[in-house]
Number of protein chains: 4
Amino acid sequence: MFQLDYMDHSPLYEQIKEKIKALIISGVLKPDEKVPSVRELAQSLTINPNTIHKAYKELELEGYIYSVRAKGSFVTPIYNKINQARKDNLLLELEKLVSELAYMNIPKEQLISRIEELYERGRQKNND
Amino acid sequence: MFQLDYMDHSPLYEQIKEKIKALIISGVLKPDEKVPSVRELAQSLTINPNTIHKAYKELELEGYIYSVRAKGSFVTPIYNKINQARKDNLLLELEKLVSELAYMNIPKEQLISRIEELYERGRQKNND
Amino acid sequence: MFQLDYMDHSPLYEQIKEKIKALIISGVLKPDEKVPSVRELAQSLTINPNTIHKAYKELELEGYIYSVRAKGSFVTPIYNKINQARKDNLLLELEKLVSELAYMNIPKEQLISRIEELYERGRQKNND
Amino acid sequence: MFQLDYMDHSPLYEQIKEKIKALIISGVLKPDEKVPSVRELAQSLTINPNTIHKAYKELELEGYIYSVRAKGSFVTPIYNKINQARKDNLLLELEKLVSELAYMNIPKEQLISRIEELYERGRQKNND
DNA sequence: GTGGTCTAGACCACT
DNA sequence: GTGGTCTAGACCACT
């Protein structure tokens, strides 16, 4: 499904979170689709199941997946994802990032066209 | 100059880095202007000079300041800030962020107008 | 593993960097092999762990090793060692050195045959 | 004549040494030619004369210049420059550098052709 | 047990 | 007075 990068200094559970999140955002994992079970993923990545569990727990808190006891974890359908705190947080991060890019003299047109592309790509995913 | 947030889980040196960087990016600290000396800042924040030193060293690696032994640390003049690795890194972070915002159905117009504002603000700083 | 030279004026962490680098370049430490842990090396050299940490951090920045929290530090596999900035830097140092040797009337054939030998030696290491 | 780089972490007197040495090696300063006086250079670089003095003293020790009291400092004619200790030192540095470049898979042909060029350039300087 | 952070404090080189 | 090095030692997060 994906690979861990041991050169990366972030903890393994953070990496797992990011990878799963990326799969959801990119549309590889669809709403209500089952994500791999903790044991399954632990085995395929050859790491401790506790590490996977921690990642899934945080993904649930952030609203990306929901767990059903004895069934597994599933992708939260999109209309549930309106998490205002998370949204505010992301917008704040965006501001910091853009300010830094502006300071580095990256032309704003480059950023805007990149955004257009990413939104276009997202739109297509939804129509699948 | 600024305050540390001891509730924040990120390491102190990271917080210091972010604060100094924000002062540079926002134009409060101008190119070639002296930033507080290691000891001075350590005293005013009542933390260990080693922690400041670490923050400054990383800011130097990222190209924001340069340190001169026996003289102090100074804001890198803007034309030196062309750090390709850092730029690539920031653009990658931007992509992740925007993808997530798109997934949350934030209208792209909101992002774009935010970017326009931030660039406009930066342009004004340069004219001071 | 190696010894420090307290007569040497260069800082201890620099000496440690050079020694580890030499072990990697000479093929004593193989790709993905574990280098001694920070504490282990500190104990065997009877110096402070912070000093080892600093040396390892710089070796990581230069691309020679990578550190994994809770696991240890490891030799970067060779294909990852393409660090353009470092390469440029070394080539520049080479130019300065060769110019000085030329000025001293060292015959260029001596330098070239020395280079041939060193490359031959490296080739053999790879075949181990 | 040249400029100091305050971004460079090496002490000012080291930088001055390197700059003067480069002028000698490149043939800009010819054998027995006068190098700028301590005061003159101190004034043009707006630094303390002691710093220049230290640089010149070390250049004299390494055999690049000689001082004549009340007259100034001059470039040592080339046949005096056979300083065996310095030579050995440079050859050792060359070995370290080449080993590192070999480890980085820089083709040896690149190094050799660079050396040929530098020697050719030196030969032309001598014929001026 | 591992690397990473931080404090407290000494001492050095350089200007 | 400045940044840089180093020690001694505590404590943390992660596996």
Side-chain angles (χ1 to χ4, degrees), chain A residues 4 6 8-16 42 45-55, chain B residues 4 6 9-17 34-43 45-60 65-74, chain C residues 4 6 9-17 34-43 45-60 65-74, chain D residues 4 6 8-16 42 45-55:
Chain A
L4 296 173
Y6 285 96
D8 190 334
H9 274 201
S10 57
L12 293 182
Y13 78 89
E14 278 283 4
Q15 282 189 54
I16 293 159
L45 296 172
T46 53
I47 60 171
N48 195 301
N50 291 335
T51 306
I52 311 287
H53 186 72
K54 185 165 186 179
Chain B
L4 295 173
Y6 285 93
H9 278 185
S10 58
L12 295 179
Y13 80 91
E14 278 285 2
Q15 285 187 53
I16 294 159
K17 270 179 66 179
K34 195 173 180 302
V35 301
S37 83
V38 168
R39 284 166 169 82
E40 199 180 335
L41 193 53
Q43 200 165 27
L45 296 173
T46 54
I47 61 171
N48 194 288
N50 288 336
T51 305
I52 309 288
H53 181 250
K54 184 166 189 179
Y56 278 19
K57 189 104 185 237
E58 295 212 357
L59 283 168
E60 189 170 14
I65 64 172
Y66 62 96
S67 296
V68 184
R69 195 194 304 230
K71 293 224 161 181
S73 300
F74 306 86
Chain C
L4 295 173
Y6 283 94
H9 278 184
S10 59
L12 295 180
Y13 80 91
E14 279 284 3
Q15 285 188 52
I16 294 159
K17 269 180 65 179
K34 193 173 182 301
V35 301
S37 85
V38 168
R39 284 165 169 84
E40 199 180 336
L41 192 54
Q43 200 165 28
L45 296 172
T46 52
I47 62 170
N48 194 287
N50 288 337
T51 305
I52 309 288
H53 181 251
K54 184 166 191 179
Y56 278 19
K57 189 103 187 238
E58 295 212 357
L59 283 168
E60 189 171 13
I65 65 173
Y66 61 96
S67 297
V68 184
R69 195 194 302 230
K71 293 225 162 180
S73 299
F74 306 85
Chain D
L4 295 174
Y6 285 96
D8 190 334
H9 274 200
S10 56
L12 294 181
Y13 77 90
E14 278 283 3
Q15 282 189 54
I16 294 160
L45 296 172
T46 54
I47 61 172
N48 195 301
N50 291 335
T51 306
I52 310 286
H53 186 73
K54 185 166 187 181

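Just so it is clear, the model here is predicted, and its values are computed rather than measured. A note on names: the letters A, B, ... follow the listed sequences, proteins ahead of strands, and every chain is numbered from 1.
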Shortest non-hydrogen contact from C:Leu59 to C:Lys17? CD2-O, 3.8 Å

Using whole Å, report how far CD of C:Glu58 lies from P of F:dG4. 11 Å

Round to the nearest Å and state the distance from B:Leu41 atom CG to E:dT7 atom P. 12 Å

Between atom CD in B:Glu40 and atom P in F:dT2, what is the gap in whole Å? 7 Å

Under 6.0 Å from the CD atom of D:Glu14, do we count more than 12 heavy atoms belonging to anything else shown? yes

Identify the heavy atoms of B:Tyr6 and B:Leu12 that sit nearest to each other, and give their distance. CE2-CD2, 3.9 Å

Could you list the residues that satisfy side chain to side chain donor-acceptor pair (under 3.5 Å) with B:Thr51, not counting sequence neighbours? none

With sequence neighbours left out, what residues match C:Glu60 under side chain to side chain contact (heavy atoms under 4.5 Å, CB included)? A:His9, C:Ile65, C:Tyr66, C:Ser67

What is the distance, rounded to the nearest whole Å, between atom OH of B:Tyr6 and atom C1' of E:dC6? 10 Å

Using a cut-off of 4.0 Å between protein heavy atoms and nucleotide atoms, how would you tag nucleotides 10-15 of chain F 5' to 3' with B, S and -? -B-BBS

Can you tell me how far P of E:dG3 sits from CD of C:Gln43, to the nearest Å? 13 Å

Who pairs with B:Ser10 by side chain to side chain donor-acceptor pair (under 3.5 Å), at least two apart in sequence or on another chain? B:Asp8

Which residues satisfy the ring-ring contact (aromatic ring centres under 6.0 Å, His included) test with A:Tyr13, sequence neighbours excluded? none

Should A:His9 be listed as having a side-chain N or O under 4.0 Å from OP1 or OP2 of E:dG3? no

It should be established whether B:Ser37 places a side-chain nitrogen or oxygen under 4.0 Å from OP1 or OP2 of nucleotide F:dG1. no

4.5 Å side-chain heavy-atom contact, B:Tyr56 and B:Pro36: yes

Can you check the C:Lys57 NZ to F:dT5 P distance for me, whole Å? 14 Å

When rounded to whole Å, the CG to P distance for the pair B:Leu45 and E:dA8 reads 13 Å

Expressed in angstrom and rounded to an integer, what is the separation of D:Asp8 atom CG from F:dG4 atom P? 12 Å

Is the phosphate of F:dG3, meaning OP1 or OP2, less than 4.0 Å from a side-chain N or O of B:His53? no

side-chain N/O B:Ser73 vs F:dT2 OP1/OP2, d < 4.0 Å: no

Starting at the 5' end of DNA chain F, write a dot or bracket for each base, bracketing those in Watson-Crick or G-U wobble pairs whose two distances are under 3.5 Å and using | for partners on another strand. ||||||||||||||.

Answer yes or no: is there a side-chain heavy-atom contact under 4.5 Å between D:Ile16 and D:Ile47? yes

Map B:Thr46 and C:Val35 onto DNA chain E by nearest heavy atom, then report which one ends up closer to the 5' terminus. C:Val35

